[in-house]
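Take a look at the structure below.
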Amino acid sequence: MWHRALVDLLDRAKHSRPDELAWQVNNALGPLGVEATIYLIDHEQRALHALPEQGKPTPEPIEVEGTMAGRAFMTVASIRAPDRPRYWIAMIDGSERLGVAVIDCTKEISDEADFVRHCEVFIGLVGHLLATKTPYGDILHQVRRTRRMSPAGELLLSMLPPLTFSCSQLVVSAILEPAYDVGGDAFDYALDGSIARFFVLDAMGRGLSAALTSATALAAIRSSRREREDIDAMTRAAHAAIKSQFSDLRFATGILSELDTDTGVLRYINAGHPPAMLLRGGKVIKELTGGGRTPLGLFDNDGAAEGVELIEPGDRLLLYTDGVVEARGADGKIFGLDRLIQLAERHVHGTLPAPEALRRLSHGVIAHQQGPPADDATLLLVEWSTAAAERMTP
Amino acid sequence: MNARPTTLTVEIEQRGDIMVIRPSGAMDYWSVGPLREELNRHLVADPPKIVLDLFEVAYCDSSGLGLLLEAQRRAHAAGGWLRVARPHLQMRRVLALTRLDRYIVSYASVHAAIETAEAGQED
């Protein structure tokens, strides 16, 4: 029966518009006596919003904090209601958290573990289909928004990879704030064979001007990386692109790095950016202060030797932009490196999935933010461990 | 969000053919406008000789840093100079972190900045 529902959904999805997906999901589930309501997480990762379905009223949004749906989302798990046959299933695309599906079943469930497992597989397929259908309409973008996205935000968001990816060797996850008006911050990653390449960028200024600087650097880095060039060449490509493209003075800081997941050798170049933190056993054991050069777009022939660090299985790397530590509170004081270390040690450890650790870390920074409008604050976490990857699916 | 835009006021003091510019407040995206205008006014001097006294600047972000780099570049291009005096810890940290302290040297006093510049020392 479940097999037939999966095939039926795949078949129905072929010619469906994005706004028809919720309806087609329930068409496929109907014969099983199962009904699903699909919720997508908003960009600020605070509430889950129901995907509208034709002929049905759209339920109200559900807060992440303090709800069953939220708990399923946070922990990437399946949760059963205490009083009725209702299940909250975390919905992911690969390992990117998209939201939660609420499953109601009208038929007798003989083997609950088996039922939940089938729901997880089915909702996993829904997650993949949502990701596949997103570009073809605006509805899946609109549901995830609580306010207008600025042009700078649209530009950068369209260029960024999904926030989270995991494979057997590692998990990489990122979060950007402010979610709707991101300007100069960007990140990217690529996992090919045993090599994981990842970077963060922070362009000077704000708004569309900063987003254009970032987009230029990001495109130059990808162009170089896809020619199998090393991080030094990628750095020089980004520098040259910014310098030649814009007539006014502008620059971007950033860290470009590559990790060999067979050996644990991490190579990195730091272009005027706050150093990455290395966490081991739940503690920040050092800042990676090597590989320094000036920001991209300013001075030629400024290459420095790459920084090299040997990391251990289970280690975590935290890259961030200065908007994180420079967020200013009501008293005008900055958030500061010490507070970031404290928060990182509180959240980035143990069994919390990487994107959830980052969500809490990022909200901790925002909670402090009372002062002048926030600069972009981006966090990128890389966990080199097999266990981390296993925490990424229900 | 509690948006409280930052402000910056600028005072100037002429010492012979040298202009001492004293911004006061935050040098960031929201507030650098008045400083940019003041710099534009004095960068047309022939040649521009400018000391930026940063003693009253509590905070500088990437926009502030960009303005500083641009003004220094323009001063050099016009055969003059622009030097930075008395930056606070946050500013010195930003310059060290970005490794731009090689290009923007901080002087302990306005006097020291002028003296070394007039003696023809490189920034």
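Just so it is clear: chains get the letters A, B, ... in the order the sequence lines come, proteins before strands, and each one is counted from 1. Model, not experiment: these values are computed from the prediction.
- Around CZ of R86(B), the count of heavy atoms belonging to other residues, nucleotides or ligands within 6.0 Å exceeds 12.
- With contacts defined as side-chain heavy-atom distances shorter than 4.5 Å, the pair W30(B)/R206(A) qualifies.
- Chain A is approached within less than 4.5 Å, heavy atom to heavy atom, by no residue from residues 48-55 of chain B.
- The CZ atom of R73(B) sits 4.5 Å away from atom CG of L249(A), with the distance rounded to the nearest 0.5 Å.
- L298(A) has its side chain within reach of L69(B): a pair of non-hydrogen atoms, C-beta onward, lies under 4.5 Å apart.
- Within 6.0 Å of atom CD in E11(B), 12 or fewer heavy atoms from other residues, nucleotides or ligands are found, so the atom counts as exposed in its surroundings.
- Taking every heavy atom of both residues into account, T98(B) and P295(A) meet most closely at O-CD, 3.3 Å.
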Please lay out, stage by stage, how R99(B) and N270(A) fare under the test side-chain contact (heavy atoms from CB on, under 4.5 Å). CA-CA 10 Å; R99(B) 299 189 184 240; N270(A) 182 331; over 6 Å; no

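- Counting heavy-atom pairs under 4.5 Å between each of H273(A), M204(A), R250(A) and chain B puts M204(A) at the top.
- At a heavy-atom cut-off of under 4.5 Å, chain A is reached by Y59(B), S62(B), S63(B), L65(B), G66(B) from residues 58-68 of chain B, listed in order of number.
- From L337(A), atom CG reaches atom CZ of R93(B) across 9.0 Å, with rounding to the nearest 0.5 Å.
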